S.K.: 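Structure incoming, see below.
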Amino acid sequence: MGSGAAPGVPSIAGGWGACNPNNPKNIRRRAGTYLESAGTKVLIDTSPDIRMQLLDNAICRVDGVLYTHGHADHLHGIDDLRDLNRLSGQPLDIYANKETAEAIQERFPYLVVEKNQVNNPMFRPSMIINTIAEGQDFFIKNLKIMPIALNGHPVHSTGYIFNDGEIVYIADCRAISEEGLAMIQKRPKILVLPLTTLTGQGTHMGLDKLLEYVNIIKPHHTIINHMATECDYDAVNALTPPDVTPAYDNMVIDI
Ligand SMILES: [Zn+2]
């Protein structure tokens with residue numbers, strides 16, 4: 001639902017950067033993904049753009065929210081989940097590694113509830129925090145989820161393997177941990193990798209490293225996500241093989 005890095009494209013400070021403003025695929029909201037599998041519906045991250053993302057895709061009920069890390073571009077739309085509580089009348093289960101769970105508890109203490117407790121949605125959302133550990137799988141309904149450690153981001157970032165490797169979702173990082181790579185047990189139908197800038201920086205991998213992971217993991221298809229103003233859609237597409245495709249906002253993949 002959102003394919004952009006933290007400032008979005010265009011950005012307030014940088015405008016369109018290298019991106020062609022005439023290509024609608026270059027208009028990028030911040031990171032947000034919706035996954036539906038055999039009736040199980042999950043969100044990955046809630047950016048400040050989550051409200052429009054949910055409206056665009058007519059999503060108003062989910063079974064859980066997976067957080068990758070606590071940076072604002074992935075978390076700070078959490079207040080807008082209040083309307084999901086309003087519809088369901090229930091608290092919503094959210095899942096995060098220990099550092100991210102602590103960040104949510106510290107920044108948004110008013111929305112954290114215990115099981116069977118729900119706030120009045122007139123005033124605040126209701127989220128049950130489930131702290132997850134990398135290497136220990138869990139289920140949301142019938143969807144099997146393995147969180148894996150990602151390395152080299154300033155805060156602790158978690159990737160997710162769904163159904164033993166059918167889909168692999170990697171968030172902001174410099175590198176995927178060796179233990180995490182070893183937990184991909186089948187050839188993924190879809191691998192999502194983050195880019196940010198073509199050359200990479202201290203906190204994000206660049207295109208060379210991204211393509212190395214494509215060669216190591218060998219998915220059927222790779223989606224490049226989380227692109228900043230340095231990444232023009234057509235330019236990135238021209239630099240990558242046919243089975244590696246840049247994401248765009250509200251892209252739908254049916255497998
Ligand atoms: Zn980010």
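Everything numeric here is computed off the predicted structure, so don't read it as measured data. Just the heavy atoms: all of them, side chains too, but no hydrogens, waters or symmetry mates, feed the values below. Remember, it's 1-based here, ligands and their atoms both numbered in the order they're listed.
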S.K.: Would you say the rings of His76 and His71 are close, in the sense that their centroids are separated by under 6.0 Å?
M.R.: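 Between His71 and His76, the centre distance exceeds or equals 6.0 Å.
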S.K.: Between His153 and His69 (judged by ring centroids, cut-off 6.0 Å), do the two rings come close enough to count as a pair?
M.R.: yes
S.K.: Could you please compute the angle at the Zn ion (ligand 1) from NE2 of His226 to NE2 of His74, rounded to 10°?
M.R.: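 Between NE2 of His74 and NE2 of His226, at the Zn ion (ligand 1), the angle is about 100°.
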S.K.: Can you confirm if the aromatic rings of Tyr169 and Phe162 lie within a centre distance of less than 6.0 Å?
M.R.: no
S.K.: I'd like to know if the side chain of Asp232 pairs up with that of Asn20 as donor and acceptor (distance under 3.5 Å, no hydrogens or angles considered).
M.R.: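 No, Asn20 and Asp232 have no side-chain donor paired with an acceptor closer than 3.5 Å.
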S.K.: Taking the Zn ion (ligand 1) as the reference point, name the nearest N/O/S atom of Asp172.
M.R.: OD2
S.K.: Of all the N, O or S atoms in Asp73, which has the shortest distance to the Zn ion (ligand 1)?
M.R.: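 It is OD2, the N, O or S atom of Asp73 closest to the Zn ion (ligand 1).
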S.K.: When you measure from the Zn ion (ligand 1) to the N, O or S atoms of His69, does any of those distances fall below 2.8 Å?
M.R.: no
